[in-house]
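Encoded as structure tokens, the structure appears first; notes follow it.
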Protein chains: 2
Amino acid sequence: MAVARRPGADHCGIAAAMSVIDGKWKVSLLWELEQRPRRFGELRRLVPGVSEKVLAAQLRELETDGIVHREVYDEVPPRVEYSLTPLGQDLNAALEPLGEWGTKHLLPDSAQGAGPVGCIPASAKAVSHCP
Amino acid sequence: MAVARRPGADHCGIAAAMSVIDGKWKVSLLWELEQRPRRFGELRRLVPGVSEKVLAAQLRELETDGIVHREVYDEVPPRVEYSLTPLGQDLNAALEPLGEWGTKHLLPDSAQGAGPVGCIPASAKAVSHCP
DNA sequence: GTGGGTGGTTACCCCAAGGTGAGCGAGCAG
DNA sequence: CTGCTCGCTCACCTTGGGGTAACCACCCAC
């Protein structure tokens, strides 16, 4: 976590939530996983800039927090799929207003007529990652 | 900011918003300022654990981001009051679902019948800080 | 045998966020 | 004269999250 144990995470909802999404890439991962289940290498490609070590670490944190589910398929090229749990979907929903606020008030000016509100323009072809 | 320039903060609403509330104490400050305007020393007392240096720094960041307003009264014991701008109030509103999610899914179990949803039990007497 | 792709782990280093403590300039209480 | 309050600022120092790179074991295609 970027912020060492957020103060009062044990009795304040916002602080607790913040401590869960704390980590440079967590919201990006949440965003990618919201689309559909993803594989490790897929996430690495979709979220440019993340290192394998940190990707593995943050996925593991999200898993122990009950946000993502990790499914290992015992095939011959090993395969692992990460997906959002119901809890994770709730979290993403709870993050939506924040994203709305950000796009409305902070973003320079772009894609103002586009999709729902998140990040990806609804017309996205190959590009799919939010940040 | 705890996380060095969140990836894609320039074209993703959530990342942009996260970069604004990034900082160990920002959400606590937001919470305290939502109640009413506060003075510097007041905030220091309300948010236990924060150092003066960091308090000043994060308030300044919030100010340059247009989240809080800083009013200096040129009196003889110097007085400075911080308050939320409309933008800051919007931000706080956008954070509410996140707080709801946190209290519902993360908090051990406490004050479940209490106030609105944020942090403070509606019956708060002297205690008033959220985290 | 060489390269690529699979999903990781390990060791090591860096830097910025945050903590610590001191000081300041004016005024008032004792 | 000393100390206390208020709202900071300035030097340090520490901490740990994140980056870098090497390595592993297994298999397939060339």
For the pair made of CD in E71(A) and C1' in dG7(C), what is the distance, rounded to whole Å? 15 Å
For D90(A), which residues count as a side chain to side chain donor-acceptor pair (under 3.5 Å) partner, sequence neighbours excluded? H105(B)
Out of dG8(C), dG19(D), dG18(C), which nucleotide sits closest to the side chain of S51(A)? dG19(D)
In whole angstroms, the gap separating P of dC8(D) from CD of Q58(B) amounts to 15 Å
Roughly, in whole Å, what's the span from CG in L55(B) to P in dT9(D)? 11 Å
Just jot down the ring pair (Phe, Tyr, Trp, His ring centres under 6.0 Å) partners of H69(B), sequence neighbours excluded, or say none. none
Test your reading of the model: is there a side-chain donor-acceptor pair from K26(B) to the backbone of Q58(B), 3.5 Å cut-off? no
Cation-pi geometry met for R38(A) and Y82(A) (6.0 Å, 45°): no
Within this structure, what is the OH-to-C1' distance between Y73(A) and dG8(C), rounded to whole angstrom? 18 Å
Salt bridge between R79(A) and E81(A), side-chain N to carboxylate O under 4.0 Å? yes
Residues I21(A) and L98(B): closest non-hydrogen pair is CD1-CD2, 4.2 Å
Below 3.5 Å, does any donor atom in the side chain of K53(B) face an acceptor in the base of dG18(C), or the other way round? yes
Please write out the pairs of protein N or O atoms and N or O atoms of nucleotides 3-7 of chain D separated by less than 3.5 Å, giving the distance to one decimal.
unit_1 : atom_1 : unit_2 : atom_2 : d
dC6(D) : O3'    : R39(B) : NH2    : 3.2
dC6(D) : O3'    : P78(B) : O      : 3.1
dG7(D) : OP1    : R39(B) : NE     : 3.1
dG7(D) : OP1    : R39(B) : NH2    : 2.9
dG7(D) : OP2    : G41(B) : N      : 3.1

Mind calculating the distance between NZ (K26(B)) and C1' (dG18(C)) to the nearest angstrom? 13 Å
